[in-house]
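Quick notes on the structure that follows.
Bear in mind the structure is a predicted one, so any value in this text is a computation, not a measurement. Naming convention: chains lettered A, B, ... in sequence-line order (proteins, then strands); numbering from 1 in each chain.
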Protein chains: 2
Amino acid sequence: MTLPRAKPNQPRIAPCAAMDCRACEFRSLTFCAGLPEREIAELSAIVTRLRIEPQQVIIQEGDPADHVFNVTSGVVKLYKLLLDGRRQITGFLLPGDFLGLSSRVGYAYSAEAVTDVSLCRFPRQRLEEAFDRFPHLRRRLFDIANDELVAAQDQMLLLGRKTALEKIASFLLQLSEREQRRGAGLGSLDLPMTRGDIADYLGLTIETVSRTLSQLKGQALIKQKSLSEIELTNIDALQEITES
Amino acid sequence: MTLPRAKPNQPRIAPCAAMDCRACEFRSLTFCAGLPEREIAELSAIVTRLRIEPQQVIIQEGDPADHVFNVTSGVVKLYKLLLDGRRQITGFLLPGDFLGLSSRVGYAYSAEAVTDVSLCRFPRQRLEEAFDRFPHLRRRLFDIANDELVAAQDQMLLLGRKTALEKIASFLLQLSEREQRRGAGLGSLDLPMTRGDIADYLGLTIETVSRTLSQLKGQALIKQKSLSEIELTNIDALQEITES
DNA sequence: CGCACCCTTGATCCTGCTCAAAGAAAGTGG
DNA sequence: CCACTTTCTTTGAGCAGGATCAAGGGTGCG
């Protein structure tokens, strides 16, 4: 298990003048698509753009949940800790994903930048007011929250009942599909997180992650271009391992 | 959706003339509290009351998600299966809990009655229409979905990083707290589910569940009145085991 | 170049799983 | 009501998947 070793929070970059929805990768895909100009303006008025460095803590479990974030570039990890330092990463956020949606009083998890990250930050209070004026916006967020719930249930199945090999195969396929949905090439995969992050996401140790990746390499199901670049050379075989 | 197929479907009790919110345990607590008469009438018009027997299947993963249910009495288990039969129970529903909320096209999990169960069934389409007329109802459901998401994240931490002893202790305390919140006595606990269900909920085997309960009994942290009745005789010690 | 950090690989250990058997409940039919 | 069956639970013995401990190798950075 790995101990948290986040750097202290760094100064945040000032808000940009207006939120351009077309420039905001996620929102054009999932949230902003088809929104009338008036509502976009409403949201523009309350957004703050942030840039975050790797290892920087974005929110901490228990902090008052004053903001909702949307990732516009980079990768964020969400995690929960036990008192003795054991860590469970509950998800990786890619561009387009929301952060802090599910929180009501305090954030239910901590979030830390894996890579350089750009965020849109919304004050929760103002966002709620916007939703009250445009209820169908809340509907969109509701759907997104439900998708998160479905993903969480899949992850429970993985954590509780899959073997190390199945976990790794599922993880590689899941990341590949998410990147593809965002326009990446089939089979080529970037793993910006450390082996320790992967271990804490899958409920394994660093050593088991490393060994299992080596095993897949040995069976020629994956090829490793560099530490973080992986190519899935036999997707069918990976899917057969997953067999869910 | 499906009708239960483990046992033949029983005649359904006709929808009650008007849905009496005070008679509907959950809704008085979480959902219906403070709703104006008009909205209650709206919901009354579309609800169907059902009675389900133990082991009867309520919904199956993948079925079209045509209905939303609310448990009014009894216990329901939600689960996902792997092809070879491995099972992960993702949650137990107590009176007041919703079923099928997070589903959009198809149900993301199967649900089966653990005990005799009473349900309120809402056609999703009609429910959505009601939400469009009364947007603050959707807001309430959004909050409920978010609570589910928070619970799912806690469960991921449990599945990925806790020991068998910690899992069992967490489970007992969690159930005890939920029953207390619904008015049960402190420390006295009913486990209507089988050891197999508990195992599949905690990512363990039946034998490990049984052994761990015996261990807690040996340390006098719990007392077993019958197979399903357990008394938590040392809650502090249990909480110390959990230590999260 | 040297240090720090991360990753890989090997050896050994241990928690929880598997296999097995017997006891306790609960249903079933006479 | 009781004999019989089925299902669930408990407990024991042995095993194994993944964890832990340890050492060495890459890689990036000052």
Checklist entry - Is the centre of the B:Tyr201 ring less than 6.0 Å from the centre of the B:Phe92 ring? => result yes
Checklist entry - Could you state the CG-C1' distance from A:Asp197 to C:dC6, rounded to the nearest angstrom? => result 12 Å
Checklist entry - For A:Ser170 and A:Lys162, does a side-chain donor sit closer than 3.5 Å to a side-chain acceptor? => result yes
Item to check | Heavy-atom neighbours of A:Glu240 CD exceed 12 at 6.0 Å | outcome: no
Item to check | Distance (rounded to the nearest 0.5 Å) between A:Ile230 CD1 and A:Leu232 CG | outcome: 7.5 Å
Checklist entry - Looking at B:Thr205, does any N or O in its side chain come under 4.0 Å of the phosphate oxygens OP1/OP2 on C:dC17? => result yes
Next on the checklist: What is the separation between atom CD on A:Glu229 and atom P on D:dT27, rounded to the nearest whole Å?
Outcome noted: 13 Å
Checklist entry - Going by the ring pair (Phe, Tyr, Trp, His ring centres under 6.0 Å) test, which pairs reach into residues 210-242 of chain B, not counting sequence neighbours? => result none
Item to check | Any side-chain donor near an acceptor of the partner, B:Arg51 and B:Ser118, under 3.5 Å | outcome: yes
Item to check | d(CD, A:Glu166; C1', D:dG18) in whole Å | outcome: 14 Å
Item to check | Centroid-centroid distance, A:Phe69 to A:Phe122, less than 6.0 Å | outcome: no
Checklist entry - Atom CG of B:Leu165 to atom P of C:dC17: distance rounded to whole Å? => result 13 Å
Next on the checklist: If I take atom CD1 in residue B:Ile168 and atom C1' in nucleotide C:dG16, what distance separates them, rounded to the nearest angstrom?
Outcome noted: 12 Å
Checklist entry - Side chains of B:Gln88 and B:Lys80: donor-acceptor distance under 3.5 Å anywhere? => result no
Checklist outcome for this item: With sugar-phosphate taken as primed atoms, P, OP1 and OP2 and all else as base, the protein-contact string of nucleotides 8-14 of chain C at under 4.0 Å (heavy atoms; B, S, -) is BBBB---
Checklist entry - Will you find, in the side chains of A:Tyr79 and A:Glu112, an N or O donor that is under 3.5 Å from an N or O acceptor? => result yes
Checklist entry - CG of B:Leu191 versus P of D:dT10: gap in Å, rounded? => result 10 Å
Checklist entry - Over its full length, what angle do the end axes of the helix from C:dC1-D:dG30 to C:dG30-D:dC1 make, each axis taken from five pairs and the result rounded to 10 degrees? => result 40°
Checklist outcome for this item: When rounded to whole Å, the CZ to C1' distance for the pair A:Arg161 and D:dG18 reads 16 Å
Item to check | A:Gln55 CD - D:dC29 C1' separation (whole Å) | outcome: 14 Å
